[in-house]
Engineer: 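I'd like to ask you about the structure that follows.
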Protein chains: 2
Amino acid sequence: MDALTINEAAETTGWSPRMLRYIERIGLIEAPRSSAGYRIYGPAELQRLRTLRELLDERGLGLGDVAFALRLRREDALRGAVDAWLEAEPRRPETVPAGDWLRWEQEKHARLLSAATPPTRTMETA
Amino acid sequence: MDALTINEAAETTGWSPRMLRYIERIGLIEAPRSSAGYRIYGPAELQRLRTLRELLDERGLGLGDVAFALRLRREDALRGAVDAWLEAEPRRPETVPAGDWLRWEQEKHARLLSAATPPTRTMETA
DNA sequence: CAAACCTTGACACACCTTTGGTAAGGTTTG
DNA sequence: CAAACCTTACCAAAGGTGTGTCAAGGTTTG
């Protein structure tokens, strides 16, 4: 059987033991534990650790980025909130494709409009 | 017409002018420009700025988080890479629901297995 | 049982992010 | 035309992230 301790896993994956604990701490890769609480790295975890490094290097990401992507995937409410904001790209009404999306947008705007926007000063508009 | 300059927009939204520029810099909200290059904040941008603040406050996010979510949405390759990694959760084969997903997993593993994992030492497996 | 592991927690440092200034220079407008 | 804007480009401080190291204590194993 191939079950490695944290130091062994560190050597084969290129991460430091410290980082292996950190990666677990931020929720990315949780190694199962032995009865005494030792982390046990099996092939699955090792594979994951290697591909994680690839992902970070090739895409120039940080661990925090991947951790956030994981949160987005796990927390429905969070993903919904972020997606809702991102989907409402700031286009002028003319540019907006009419239809369901527009209605939904308007409803959202109405819902969120708590403080009115008093028009203040005028300016040459491009 | 209601088109505000950056300082006016800052006042009505609660952001500082500095942050409005920063928010634009990281790609979250780009205000259109006047012919002289002045940023022009219309109702759409103001709304977006307010909801952005709500999103951050209510979810405890940082601007970087939202910026990353935006990258995920815009860059197909990035999203694909991150999703692929996240979808490969570290389950043991026994736990894996057999079927298409498993086959795809195995193919991916094969694809990514460049460096073999030489089993080193044994350990009590839980 | 002692050496060589493992665990968590703390201190520490380098770097990046977030945010505020301030300066040099163009624009708008009373 | 001068005051009050705007722009970009820097310097800087506060806080977060990534990483190392060390300490105190439990575990495995020759």
Side-chain angles (χ1 to χ4, degrees), chain A residues 1-42 45-46 49 52-57 59-71 120-126, chain B residues 1-42 45 49 52-53 55-57 59-71 120-126:
Chain A
M1 251 292 285
D2 36 21
L4 306 193
T5 67
I6 195 173
N7 273 289
E8 297 161 346
E11 275 192 31
T12 47
T13 61
W15 294 101
S16 67
R18 178 66 165 85
M19 289 312 294
L20 260 37
R21 299 201 181 94
Y22 184 63
I23 287 170
E24 180 177 286
R25 201 165 181 292
I26 64 181
L28 289 189
I29 299 175
E30 289 184 48
R33 302 297 188 105
S34 77
S35 47
Y38 286 20
R39 290 175 183 79
I40 297 170
Y41 291 85
E45 287 77 29
L46 298 175
L49 285 169
L52 175 60
R53 173 176 291 300
E54 279 183 19
L55 179 64
L56 299 191
D57 289 353
R59 302 289 163 176
L61 304 182
L63 291 169
D65 293 325
V66 183
F68 182 62
L70 179 60
R71 280 192 65 193
T120 318
R121 224 180 54 173
T122 336
M123 208 182 99
E124 172 210 4
T125 309
Chain B
M1 252 292 286
D2 38 20
L4 306 192
T5 66
I6 195 171
N7 273 288
E8 297 161 345
E11 274 192 31
T12 48
T13 60
W15 293 101
S16 67
R18 179 68 164 83
M19 289 311 294
L20 260 38
R21 299 200 181 92
Y22 185 62
I23 288 170
E24 180 177 285
R25 201 164 182 293
I26 64 181
L28 288 188
I29 299 175
E30 289 183 49
R33 302 298 188 102
S34 78
S35 47
Y38 285 23
R39 290 177 183 79
I40 297 170
Y41 290 86
E45 285 77 29
L49 285 169
L52 175 59
R53 173 177 291 302
L55 179 65
L56 299 191
D57 290 354
R59 303 290 165 172
L61 304 182
L63 292 169
D65 292 326
V66 183
F68 182 63
L70 179 59
R71 280 193 66 193
T120 318
R121 222 179 57 172
T122 335
M123 206 182 101
E124 173 210 5
T125 309

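Chain naming here is simple, since letters A, B, ... match the order of the sequence lines and numbering starts at 1 in each.
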Engineer: Which whole-number value in Å describes the distance from Ile6(A) CD1 to dT28(D) P?
Structural biologist: 16 Å

Engineer: Distance criterion of 3.5 Å, no angle test: do you see the side chain of Tyr22(A) paired donor-to-acceptor with the base of dG20(D)?
Structural biologist: no

Engineer: Nearest heavy atom decides the nucleotide; on that basis, is Glu24(A) or Met19(B) closer to the 5' end of DNA chain C?
Structural biologist: Glu24(A)

Engineer: Which of the following nucleotides, dC5(D), dT19(D), dT28(D), is nearest to the side chain of Tyr38(A)?
Structural biologist: dT28(D)

Engineer: Do Arg71(B) and Leu61(A) have side chains that approach each other closer than 4.5 Å (heavy atoms only, starting at C-beta)?
Structural biologist: yes

Engineer: Which nucleotide sits closest to the side chain of Ala36(B): dT27(C), dG18(D), dT18(C)?
Structural biologist: dT27(C)

Engineer: Any side-chain heavy atom of Ile6(A) within less than 4.5 Å of one from Arg21(A)?
Structural biologist: yes

Engineer: Nearest of dT8(D), dT19(C), dT28(D) to any side-chain atom of Arg33(B)?
Structural biologist: dT8(D)

Engineer: Would you mind reading off the distance between Leu61(B) atom CG and dG15(D) atom C1', rounded to a whole angstrom?
Structural biologist: 17 Å

Engineer: Tell me the interatomic distance from Glu11(B), atom CD, to dA4(D), atom P, rounded to whole angstroms.
Structural biologist: 15 Å

Engineer: Can you tell me how far CG of Leu55(B) sits from CG of Leu63(B), rounded to the nearest 0.5 angstrom?
Structural biologist: 9.5 Å

Engineer: Do side-chain atoms of Glu8(A) reach the backbone of Thr5(A) as a donor and acceptor pair under 3.5 angstrom?
Structural biologist: yes

Engineer: Are any of Ser34(A)'s side-chain N or O atoms less than 4.0 Å away from OP1 or OP2 of dT27(D)?
Structural biologist: no

Engineer: Between Arg39(A) and dT8(C), does any side-chain N or O lie under 4.0 Å from OP1 or OP2?
Structural biologist: yes

Engineer: Reading DNA chain D 5' to 3', what string of ( ), [ ], | and . shows its pairs, if Watson-Crick and G-U wobble pairs count only when both distances fall under 3.5 Å?
Structural biologist: ||||||||||||||||||||||||||||||

Engineer: For residues Leu49(B) and Tyr41(B), determine if any side-chain heavy atom of one lies less than 4.5 Å from a side-chain heavy atom of the other.
Structural biologist: yes

Engineer: Going from OG1 on Thr12(A) to CG on Leu46(A), what distance comes out if it is rounded to the nearest 0.5 angstrom?
Structural biologist: 5.0 Å

Engineer: Rounded off to whole Å, could you give me the CZ-to-P distance for the Arg25(A) and dG16(D) pair?
Structural biologist: 13 Å

Engineer: Between C1' on dT22(C) and CZ on Arg18(B), what's the gap in Å once rounded to a whole number?
Structural biologist: 11 Å

Engineer: Looking at Gly42(B), is its backbone amide N or carbonyl O close enough to the side chain of Glu45(B) to form a donor-acceptor pair, meaning the two atoms are under 3.5 Å apart?
Structural biologist: yes

Engineer: Figure out the CZ/P separation between Arg21(B) and dG21(C), and round it to whole Å.
Structural biologist: 13 Å

Engineer: Between dG15(D) atom P and Leu63(B) atom CG, what is the distance in whole Å?
Structural biologist: 17 Å

Engineer: Tell me the interatomic distance from Leu56(B), atom CG, to dT19(C), atom C1', rounded to whole angstroms.
Structural biologist: 14 Å

